[in-house]
Number of protein chains: 2
Amino acid sequence: MKSSSINLPAEKIIKREKFDESAFRQMIRTMNLKVTDQRLLIFEALHSGRAHVTAQEVFEKVHAVDGAVGFATVYRFLRSLTEYGFVTEVRMGGMSARYELTPKRHHDHLTCMSCGKICEFENHEIESLQERVAAQFGFELTSHVLELYGHCRDCTKAKLKKS
Amino acid sequence: MKSSSINLPAEKIIKREKFDESAFRQMIRTMNLKVTDQRLLIFEALHSGRAHVTAQEVFEKVHAVDGAVGFATVYRFLRSLTEYGFVTEVRMGGMSARYELTPKRHHDHLTCMSCGKICEFENHEIESLQERVAAQFGFELTSHVLELYGHCRDCTKAKLKKS
DNA sequence: AATTTATTTGATAATGATTCTCATTTATAA
DNA sequence: TTATAAATGAGAATCATTATCAAATAAATT
């Protein structure tokens, strides 16, 4: 899909906790799945580098380590992880899904349409207003998607300079 | 895509203004496009029936009137309309895009995951909190997606009765 | 350690949504 | 009425994702 959407360029690598293999093994067992090298590699790929990756990107990282791993395995496992909530799926427009290890704290995203930078934020006021809206309509809320799009300071400046 | 997502069933038909062909002709000219029967049919399809339709659904409605109209024409025109903002694209998870004639007032959606009902709402407090968040990160906001998911009163009741 | 068995895997085909191609048709400006 | 750039429709192409299935393997059991 070439489409109207932006193509995300590099994103800053975020500082992250040390890779804890045994924790991942535990998660896999929690899902009633078997611990395999492929699955550990997928976890490793999710854990290092940029926070929001496509299945394709995960595949490429895993493939670089073990060229025998196939697409299907990556997609399959990402799906399981998403179903169990260990991984969160983020979608922007019609682009391919991006995945991240579910963060401890819930957060939403603010994306720069120029450079692709993604900022994470949490805002309790917004959350509770959402609950209120749902209640007004008699809904029980199960989840939500809040994605903000705009231009970051650097890109706004850069654009001004050009014109 | 069978996937994890729900398949939207029927949605209440919303009361809408009278179909105004000349207004649509005007919009087409504004886009620097030519007025064709196909395009008027597509407008007609968007204007009547449920508010949020897929390209496929639009195609079927148009096709029922004129069996000669093709997919491509529908997709192409929906894209133009979306680019010019006359139509708004709504996406839920990995499902196919749904389109609606851009409403006069901006609004967001609250969707029932059981029956597919879509409620529209607007909440200025949420909007301005979004602006505040963006400002905190030095972003200029251009757009946002806020989709709430849950279960409507009827479906919640129905589920309770079953168990 | 060897055996068993249900899972998992990878290659590849299939799918579904959407876009592209291109020869033909058509709206509209002149 | 004509000229011509734009629009159309049929079908191929693409892209992300999922399904299929025979071969490989984790882990429970002997």
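Chain A is the first sequence line, chain B the second, and so forth, proteins listed ahead of strands; every chain is numbered from 1.
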Student: Closest to the A/R79 side chain: D/dT18, D/dT8, C/dG10?
Tutor: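 Output: D/dT18.
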Student: Show each protein N/O and nucleotides 28-30 of chain C N/O combination with a separation under 3.5 Å, one pair to a line.
Tutor:
residue: C/dT28; atom: OP1; partner: B/V35; partner atom: N; Å: 3.2

Student: Any side-chain N or O of A/Q38 below 4.0 angstrom from OP1/OP2 of C/dG10?
Tutor: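 Yes.
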Student: Quick check on D/dT8: is either OP1 or OP2 less than 4.0 Å from any side-chain nitrogen or oxygen of B/R39?
Tutor: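 The answer is yes; a side-chain N or O of B/R39 sits under 4.0 Å from OP1 or OP2.
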Student: Run the salt-bridge test on A/R98 and A/E100 with the 4.0 Å N-O cut-off and return the result as yes or no.
Tutor: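 No.
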Student: A/L78 CG to C/dT8 P: how many Å, rounded?
Tutor: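 Distance check: A/L78 CG to C/dT8 P gives 15 Å.
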Student: Are any side-chain N or O atoms of A/S143 and backbone N or O atoms of B/Y149, one a donor and one an acceptor, separated by less than 3.5 Å?
Tutor: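 It does not hold such a pair.
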Student: Please figure out whether A/F71 or A/F77 has its closest DNA chain C nucleotide nearer the 5' end.
Tutor: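 Of the two residues, A/F77 wins.
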Student: Please figure out whether B/R76 or A/D66 has its closest DNA chain C nucleotide nearer the 5' end.
Tutor: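 Mapping each residue to its closest nucleotide by heavy atoms, the 5'-most match is A/D66.
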Student: Between A/E122, A/E127, A/E120, which is the residue that forms a side-chain hydrogen bond (donor to acceptor under 3.5 Å, both in side chains) with A/H106?
Tutor: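 Going through the options one by one, the only one that passes is A/E127.
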Student: Calculate the interatomic distance between A/E57 atom CD and D/dC15 atom C1'; express it in whole Å.
Tutor: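 It works out to 15 Å between those atoms.
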Student: Going by the side chain to side chain contact (heavy atoms under 4.5 Å, CB included) test, name the single residue among B/V35, B/T36, B/L41 that passes it with B/Q38.
Tutor: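 It is B/T36, the one option of B/V35, B/T36, B/L41 that forms the side chain to side chain contact (heavy atoms under 4.5 Å, CB included) with B/Q38.
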Student: Does A/E44 pair with A/K61 as a salt bridge, N-O distance under 4.0 Å?
Tutor: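 Result for this pair is no, no salt bridge flagged.
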Student: Can you measure B/I42 atom CD1 to D/dT8 atom P for me and round it to whole angstrom units?
Tutor: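 Whole-Å distance recorded here is 7 Å.
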Student: Ring centroid separation for B/Y75 and B/F59, is it under 6.0 angstrom?
Tutor: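 Ring centroids of B/Y75 and B/F59 are no less than 6.0 Å from each other.
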Student: Has A/Y75 got a side-chain N or O lying under 4.0 Å from the OP1 or OP2 atom of D/dT18?
Tutor: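 Looking at the OP1 and OP2 atoms of D/dT18, neither is under 4.0 Å from any side-chain N or O of A/Y75.
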Student: A/R98 has an atom CZ; how far is it from atom P of D/dC15, in whole Å?
Tutor: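 So the two atoms are 16 Å apart, to the nearest Å.
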Student: Between B/H63 and B/V74, is there a side-chain heavy-atom distance shorter than 4.5 Å?
Tutor: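 B/V74 vs B/H63: side chains apart.
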Student: Just how far, in rounded Å, is P of C/dT26 from CG of B/L41?
Tutor: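 These atoms are roughly 15 Å apart.
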Student: Need one value for A/Q56: base, sugar-phosphate or nothing, where a base atom within 4.0 Å counts as base even if backbone is also close, heavy atoms only.
Tutor: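 Nothing, no nucleic acid heavy atom in range.
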Student: State which of C/dT18, C/dG10, C/dT8 makes the closest approach to the side chain of A/T73.
Tutor: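 Looking only at heavy atoms from C-beta outward on A/T73, the closest nucleotide is C/dG10.
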Student: Quick one: B/N32 CG to D/dA5 C1', roughly how many Å, whole number?
Tutor: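 That distance rounds to 13 Å.
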Student: Can you measure A/D37 atom CG to D/dA26 atom C1' for me and round it to whole angstrom units?
Tutor: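 It is 10 Å, rounded to the nearest whole Å.
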Student: B/F59 has an atom CZ; how far is it from atom C1' of C/dG16, in whole Å?
Tutor: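 Rounding to the nearest Å, CZ of B/F59 and C1' of C/dG16 are 15 Å apart.
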